[in-house]
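For the numbers below, each heavy atom of this structure counts, side chains included, while hydrogens, waters and symmetry mates do not.
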Amino acid sequence: GPLGRPPRWLAALTPCTNRSPADWNPPTNLGRSSGLKDPNSDDEMFVPTNTVETTCLTEPSKLEINQFVHPVPVEKAPKTIGEAINLKDKLKAAKWNKAIMKEYNAMKEFGVFKLVKLPKDASLVGSRWLLNIKRDDEKTYKARLVAQGYTQTFGHDFNATYCPVLSLRSFRAVCGYANWHKLKLFHTDISNAFLNANLKHKIYVKQPPGFIDPDNPDFVWELIKALYGLKQCGNEWNDLLIKWLLSIGFIRSTVDSCLLYKIMPNGMRILLGVYVDDLLLGASGTYADQFADQILKRFKGKNLGEVKRFLGMQIERDIEQQKLLIHQRDYIDEILQRFDVSNGKPSDTPLAAEPLTKNTAEEPNAKDAALLREGCGCLNYLAQCTRPDIAVAVSVLSQFVENPSRQHMDAFKRILSYLRGTRDLVIVFDGKMANDYNHSMQQFGLPACVKTSLADRQEKQRTMRSVTYGCGGLLH
């Protein structure tokens with residue numbers, strides 16, 4: 001239940017050590033409304049998300065210590081360009097210099113700015129370089145010039161700021177639909193996406209560190225195109241991209257504005273998920289290549305082929321067996337390395353049976369509070385993406401981040417220890433049972449399972465409840 005080992009019906013979590021996607025035989029699938037219209041009727045399509053029950057081939061408590069892989073030390077990115085180009089490791093310094101120059105040249109190519117004298121009464125926005133190490137199939141050094149948008153004024157140099165992104169539920173719907181129909185999942189990345197969008201307001205930015213014009217050091221940049229860090233940059237880019245996608249025949253879902261679909265001449269629907277500058281397309285190989293060519297003619301970017309990673313999640317597939325696995329082993333390793341939990345005995349459960357209580361200390365420990373806030377943020381993303389078995393533990397612990405006690409810090413370490421022992425759990429999508437979906441719905445309806453913690457929150461007598469839906473009567 002909520003205070004112990006996750007119940008069997010919570011999610012499709014299965015140890016994935018030394019096995020291929022074809023080895024899994026999960027018993028059922030779930031589905032949800034997609035918001036996509038069926039051209040032959042007025043009904044909405046129901047897209048199976050192929051989520052299956054918790055069937056642990058090996059319980060976490062029975063795993064041996066020697067099965068655990070100790071996380072590899074994570075290289076930290078420099079904080080400034082001066083630190084980056086003056087590293088003792090000359091090879092790394094050269095890579096950082098190349099990344100910085102690549103970003104600056106891209107801004108010149110897109111015509112992002114022009115050098116002007118700052119007009120009177122005009123506000124000036126600062127800028128700085130952000131350096132990051134992107135860990136995909138290979139390590140990539142990335143540099144980004146960002147505007148310090150927190151100095152902008154609403155109504156003066158920006159209005160709309162909202163930028164929708166693909167929800168995780170829609171991401172799973174795309175994966176489930178593609179897995180069900182044996183479609184390929186293709187990943188396209190738009191390079192320097194925000195630099196494509198034109199600005200509606202005049203914005204002036206300080207010349208960035210390392211690139212101050214020696215002839216006009218007092219001049220500033222007048223931005224023609226959107227720059228990362230501006231409050232409206234995401235909104236401007238999303239408007240540009242969605243309008244273009246609609247112009248080439250895509251239709252927006254009524255459920256998620258970043259989930260689009262297109263009906264092909266043969267009746268097949270292809271799905272497209274948009275997450276800022278990352279596009280996930282579920283389609284046949286022929287159309288995927290055509291779409292990649294079409295979008296790369298309009299925007300500069302690259303076709304990454306069949307998706308292996310998306311939003312920090314790793315994806316493995318066996319198309320013929322209709323099996324798809326999603327996990328975040330690398331992200332778990334990074335979390336364990338960040339919080340220095342690479343040794344010690346793993347925990348059997350994410351949360352102890354003893355209830356967490358409020359800290360009675362008058363003065364909160366600022367260091368522990370900052371650490372716990374950071375940790376809960378990392379764990380919350382993990383719980384939402386691929387590890388629902390820690391969702392309750394993270395939810396309970398997050399209520400004490402402002403004034404944590406030693407009990408709360410120990411509970412945080414317990415979750416990390418549990419992850420260390422269960423890093424090989426994955427979500428399994430099985431598309432073979434999707435063909436029986438309509439029949440099972442008609443025969444059994446839509447069952448639901450409810451679990452409660454029976455007022456375990458002593459100070460307020462609260463009850464925590466979790467609900468899981470399934471189909472075909474195969475809910476355990």
Side-chain angles (χ1 to χ4, degrees), residues 1-7 10-11 13-17 54 56 58-76 133 135 168 311-314 326-357 359 364-427 464:
L3 295 181
R5 180 176 290 112
L10 183 60
L13 294 178
T14 310
C16 183
T17 307
T54 306
C56 293
T58 308
E59 291 290 342
S61 59
K62 298 179 182 178
L63 294 175
E64 298 296 334
I65 295 294
N66 57 15
Q67 288 180 268
F68 306 141
V69 178
H70 293 282
V72 178
V74 178
E75 179 185 349
K76 294 183 179 180
I133 300 174
R135 295 169 179 86
L168 291 172
L311 306 181
M313 290 173 277
Q314 296 162 258
I326 302 179
H327 61 87
Q328 288 177 287
R329 293 195 200 101
D330 290 352
Y331 183 62
I332 292 174
D333 287 346
E334 185 177 341
I335 292 175
L336 298 179
Q337 180 68 31
R338 181 185 302 183
F339 297 103
D340 194 23
V341 185
S342 56
N343 297 309
K345 184 179 179 180
S347 173
D348 291 342
T349 59
L351 194 62
E354 179 184 357
L356 298 179
T357 58
N359 187 8
N365 186 316
K367 185 176 180 181
D368 284 350
L371 181 67
L372 191 59
R373 278 195 296 269
E374 180 184 358
C376 285
C378 295
L379 295 176
N380 187 48
Y381 182 69
L382 184 63
Q384 291 185 53
C385 291
T386 61
R387 295 300 300 268
D389 54 327
I390 67 170
V392 170
V394 176
S395 175
V396 171
L397 184 60
S398 298
Q399 300 171 32
F400 304 97
V401 295
E402 291 303 321
N403 188 14
S405 65
R406 177 47 49 194
Q407 182 194 31
H408 304 136
M409 300 308 295
D410 290 342
F412 172 55
K413 291 182 180 179
R414 183 186 181 94
I415 299 175
L416 296 179
S417 296
Y418 172 76
L419 288 174
R420 180 173 172 269
T422 59
R423 67 183 292 277
D424 288 323
L425 294 184
V426 304
I427 290 182
M464 186 172 293

Separation between OG1 of T386 and CG of L425, rounded to the nearest 0.5 Å: 9.5 Å

Donor-acceptor under 3.5 Å (T422 side chain, Y418 main chain): yes

Exercise: identify the closest heavy-atom pair between G312 and Q328: O-CG, 3.6 Å

Distance check, rounded to the nearest 0.5 Å: H408 atom NE2 versus D368 atom CG? 11.0 Å

Of all heavy-atom pairs between M313 and C385, which one has the smallest distance, and what is that distance? SD-CB, 3.8 Å

Roughly how far, to the nearest 0.5 Å, is the CD1 atom of I415 from the SG atom of C376? 6.5 Å

Please report the interatomic distance CD1(I335) to CD(Q337), rounded to the nearest 0.5 Å. 12.0 Å

Restricting to non-hydrogen atoms, name the atom on I390 and the atom on L419 that form the minimum distance, rounded to 0.1 Å. CG2-CD2, 4.1 Å

Compare every heavy atom of A369 with every heavy atom of E402, then report the nearest pair and how far apart it is. O-CB, 4.0 Å

Residues L379 and F412: closest non-hydrogen pair is CD1-CE1, 3.7 Å

Hey, are the side chains of S417 and V341 touching, using non-hydrogen atoms and a 4.5 Å cut-off? yes

Nearest heavy-atom pair of F339 and C378: which atoms, and what distance? CE1-SG, 4.3 Å

Quick check on side chain to side chain contact (heavy atoms under 4.5 Å, CB included): which of L336, I332, D333 does R420 satisfy it with? L336

Between CD on residue E334 and CG on residue L382, distance to nearest 0.5 Å: 11.5 Å

Would L397 and L351 satisfy side chain to side chain contact (heavy atoms under 4.5 Å, CB included), going step by step from the backbone distance to the final call? CA-CA 9 Å; L397 184 60; L351 194 62; 5.9 Å; no

Can you tell me how far the OH atom of Y381 sits from the CG atom of L168, to the nearest 0.5 Å? 6.0 Å

Look at the side chain of Q314 and the backbone N and O of D330, then say whether any donor-acceptor pair between them is shorter than 3.5 Å. yes

